[in-house]
**Student:** 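The structure under discussion is supplied below as structure tokens; questions concerning it will follow.
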Amino acid sequence: MVDPKGFLKTSRAARPRRPTEERVADWHEVYAGQELLPLVTKQASRCMDCGVPFCHSGCPLGNLIPEWNEYASLEDWRAASERLHATNNFPEFTGRLCPAPCEDACVLAINSDPVTIKDIESTIADQAWELGHAPPQPPERLSGRTVAVIGSGPAGLAAAQQLTRVGHTVAVYEREDRIGGLLRYGIPEFKMEKRHIDRRIEQMEAEGTKFRPGVAVGHDIDAAELRARYDAMILAVGATAWRELAVPGRQLRGIHQAMDYLTLANRVREGDYEEPPLTADGKDVVIIGGGDTASDCLGTAIRQDAASVTQLDINPEPEAGRREDEPWPTYPKVYRISHAHEEARAESGHDPRIFSSATLRFDGDDHGGVRALHLSEVEPVHRHPVPGTEEVIPAQLVLLALGFSGPERDSGLVDQLSLALDVRGNLARDRHFATDTDGVFAAGDAGRGQSLVVWAIAEGRSVAAAVDRYLTGGTVLPSPIGPADRPLRV
């Protein structure tokens with residue numbers, strides 16, 4: 001602890017976002033950047049280095065938060081980077097994308113404002129690249145063992161990097177034309193610029209990881225045949241089977257899955273299109289869903305000059321602070337404002353969300369396109385529509401952001417590898433991340449279900465340890481979580 005009274009002397013000050021009118025005019029990240037180093041070092045001094053650091057319980061990676069907070073407060077960026085990378089392969093991803101449950105588990109959060117852990121983390125990661133503290137780490141020797149990783153999201157990339165660094169020859173197969181999974185095409189540029197992914201891919205290639213984009217295992221190549229060519233296989237294909245909305249009018253033109261919309265917007269940023277084939281420009285947009293994907297659609301629609309944007313959330317409006325039944329250090333369901341909600345407020349003067357609302361049906365125009373949406377209030381327990389509360393809002397573009405129900409069933413992987421599914425529709429696995437098929441392991445959302453980026457990276461690191469043990473009989477790799485571990489809840 002640099003200053004035992006730091007948390008008393010310094011108030012919490014989060015890294016400020018760029019002005020809304022500036023950032024909605026471009027696709028760059030919403031935060032200001034490196035000129036805020038003095039702010040971050042001062043905020044790091046608020047860390048109390050608790051005897052029992054409960055921030056660890058909020059993060060599945062086991063991040064050494066008090067240690068790198070201390071180094072950051074001293075501006076020792078090399079030491080801070082070493083401690084940060086000791087538990088996290090991609091802190092520049094988590095520092096931008098994670099909702100920071102570690103901050104809600106900070107001891108200061110009991111009766112004060114927590115340390116700005118997320119800001120400090122991303123700053124350390126950025127400084128590591130700026131100052132050359134993140135060099136490739138190729139293995140000293142090769143093991144002669146080979147591993148195929150299917151999927152290049154955070155779980156697959158973390159597993160591949162860990163296994164490469166201990167000497168195994170790893171090839172990552174990705175069905176899309178670029179590496180990154182949902183990090184590449186599901187996360188908007190204003191949330192995380194893709195240069196961060198490209199930089200990590202270059203690092204991993206220098207370490208020896210091989211990448212095979214544009215190969216859909218299960219379709220382009222038989223999964224069982226591929227398994228026979230490698231000593232082990234990791235399935236990190238994500239949970240991309242999206243949920244549907246079965247209401248009258250769903251077939252109308254102009255109603256799309258959110259991920260299709262985000263992918264096309266991201267492909268414009270990659271240079272594949274000059275203009276997006278699917279755009280919100282000039283349209284009344286309705287986003288159905290209350291999660292991060294819905295917020296990403298909101299920010300994207302604003303940047304595409306939508307006429308209006310409304311977000312429907314079936315859940316009741318959360319309270320401003322913790323409820324008594326959500327005690328510290330759990331991650332509470334509180335009223336949160338994302339940068340996209342802030343941007344929508346700046347444009348319209350009000351929150352774009354309508355809470356406790358459900359879609360009843362869609363109306364079409366004379367050309368088969370969606371024209372309007374009928375919604376109603378829902379009661380809080382069973383989410384049943386409340387009679388007499390129906391209203392109609394205009395909509396020429398509707399985006400379904402209802403989450404995902406597990407890995408895609410028609411990918412060919414399940415049948416070709418004779419895989420079992422669990423009761424939730426995810427890939428079944430034992431306590432060592434192994435499926436019923438010898439040498440085939442499952443990690444990330446494909447086995448856990450839809451989750452956070454920190455859980456994906458933790459799963460990738462853990463499955464790498466399991467595969468290394470399977471191949472060699474032992475391992476020095478860390479295994480921060482087990483397949484059955486879950487976030488801290490009441």
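We're numbering straight along the sequence, starting at 1. Only heavy atoms go into these numbers, but all of them, side chains included; no hydrogens, no water, no symmetry mates. Since the model is a prediction, treat every value here as computed from it, not as a measurement.
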**Student:** Does the structure place the NZ or CZ of R178 under 6.0 Å from the centre of the six-membered ring of Y185, at an angle of no more than 45° from the ring's axis?
**Tutor:**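 Because its charged atom misses either the 6.0 Å distance or the 45° angle limit, R178 does not stack over Y185.
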**Student:** Step through the shown structure and confirm whether more than 12 heavy atoms of other residues, nucleotides or ligands are within 6.0 Å of CD on E275.
**Tutor:**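 No.
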**Student:** With a 4.5 Å heavy-atom cut-off, do L417 and L235 have their side chains touching?
**Tutor:**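 With C-beta onward as the side chain, the pair touches.
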**Student:** Establish, for the pair R323 and Y335, whether the NZ or CZ atom is under 6.0 angstrom from the six-membered ring centre and no further than 45 degrees off its axis.
**Tutor:**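 Because its charged atom misses either the 6.0 Å distance or the 45° angle limit, R323 does not stack over Y335.
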**Student:** Please collect all side chain to side chain donor-acceptor pair (under 3.5 Å) contacts where either partner lies in residues 97-116, sequence neighbours excluded, each pair once.
**Tutor:**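 Listed by first then second residue: R12-E103.
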**Student:** Check the pair R23, E343 against salt bridge (charged side-chain N to carboxylate O under 4.0 Å, His left out), reporting the backbone distance first and the verdict last.
**Tutor:** CA-CA 9 Å; R23 65 185 194 240; E343 292 158 5; 2.6 Å; yes
**Student:** Pair up each side-chain donor or acceptor in residues 280-289 with any protein partner under 3.5 Å, not counting sequence neighbours, and list the distances.
**Tutor:**
unit_1: K283; atom_1: NZ; unit_2: T279; atom_2: O; d: 3.1
unit_1: D284; atom_1: OD1; unit_2: S308; atom_2: OG; d: 2.7
unit_1: D284; atom_1: OD2; unit_2: Q396; atom_2: NE2; d: 3.2

**Student:** Near H219 NE2, under 6.0 Å, is it more than 12 heavy atoms from other residues, nucleotides or ligands?
**Tutor:**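 Result for NE2/H219: enclosed.
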**Student:** Quick one: pull up NE2 in H196 and CZ in F90 and give me the separation to the nearest 0.5 Å.
**Tutor:**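 Spacing of NE2 (H196) from CZ (F90) equals 14.0 Å.
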**Student:** Under the 3.5 angstrom rule, does the side chain of T359 hit a backbone N or O of R361 as a donor-acceptor pair?
**Tutor:**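 No; judged by distance alone, with no hydrogens or angles, the pair does not exist.
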**Student:** Less than 4.5 Å apart, side chain to side chain, heavy atoms only: is that true for V268 and D272?
**Tutor:**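 No, too far: nothing below the 4.5 Å cut-off.
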**Student:** Does R267 qualify as a cation-pi partner of Y273, given the criterion of NZ or CZ under 6.0 Å from the six-membered ring centre and within 45 degrees of its axis?
**Tutor:**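 No, R267 does not lie over the aromatic ring of Y273.
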**Student:** Counting N and O atoms only, with roles assigned by atom type, does the side chain of W328 sit under 3.5 Å from a partner on the main chain of C106, one being a donor and the other an acceptor?
**Tutor:**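 Judged by distance alone, yes, a pair lies under 3.5 Å.
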**Student:** Between atom CZ of R371 and atom CG of D365, what is the distance when rounded to the nearest 0.5 Å?
**Tutor:**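 The CG atom of D365 is 8.0 Å from CZ of R371, to the nearest 0.5 Å.
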**Student:** Is a side-chain N or O of T435 found less than 3.5 angstrom from the main chain of V440, in a donor-acceptor match?
**Tutor:**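 At least one qualifying donor-acceptor pair exists.
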**Student:** Scan residues 445-457 for pairs that pass side chain to side chain donor-acceptor pair (under 3.5 Å), counting only residues two or more places apart or in two chains.
**Tutor:**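 The answer is R448-E459.
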**Student:** Would you mind checking if E22 and R17 are paired as a salt bridge, meaning a charged N to carboxylate O distance below 4.0 Å?
**Tutor:**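 No, R17 and E22 are not salt-bridged.
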**Student:** Could you go through D415 and R409, starting from their C-alpha distance and side-chain angles, then the distance that decides it, and tell me whether this counts as salt bridge (charged side-chain N to carboxylate O under 4.0 Å, His left out)?
**Tutor:** CA-CA 9 Å; D415 294 336; R409 311 297 190 272; over 6 Å; no
**Student:** What's the separation between atom CG in D351 and atom CD in E342, rounded to the nearest 0.5 Å?
**Tutor:**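 Nearest 0.5 Å value for the CG-CD distance: 11.5 Å.
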**Student:** Out of E189, E29, E193, which residue meets the salt bridge (Lys or Arg N to Asp or Glu O under 4.0 Å) rule with R96?
**Tutor:**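 Of the listed options, the one satisfying the test is E29.
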**Student:** Does the side chain of N89 pick up a donor-acceptor pair with the side chain of R200 at under 3.5 Å?
**Tutor:**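 Not at all, the side chains of N89 and R200 share no donor-acceptor pair under 3.5 Å.
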**Student:** In Å and rounded to the nearest 0.5 Å, what is the CG to CD1 distance from L397 to I255?
**Tutor:**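 One finds 9.5 Å between CG of L397 and CD1 of I255.
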**Student:** Is there a donor-acceptor pair under 3.5 Å between the side chain of E377 and the backbone N or O of P385?
**Tutor:**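 Here the side-chain-to-backbone pair does not exist.
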**Student:** Checking Q161 against Q203: is there a side-chain donor and acceptor pair closer than 3.5 Å?
**Tutor:**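 Yes, side-chain donor-acceptor contact under 3.5 Å.
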**Student:** Would the F441 and H432 ring centres measure less than 6.0 Å apart?
**Tutor:**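 Between H432 and F441, which both carry aromatic rings, the centre distance is not below 6.0 Å.
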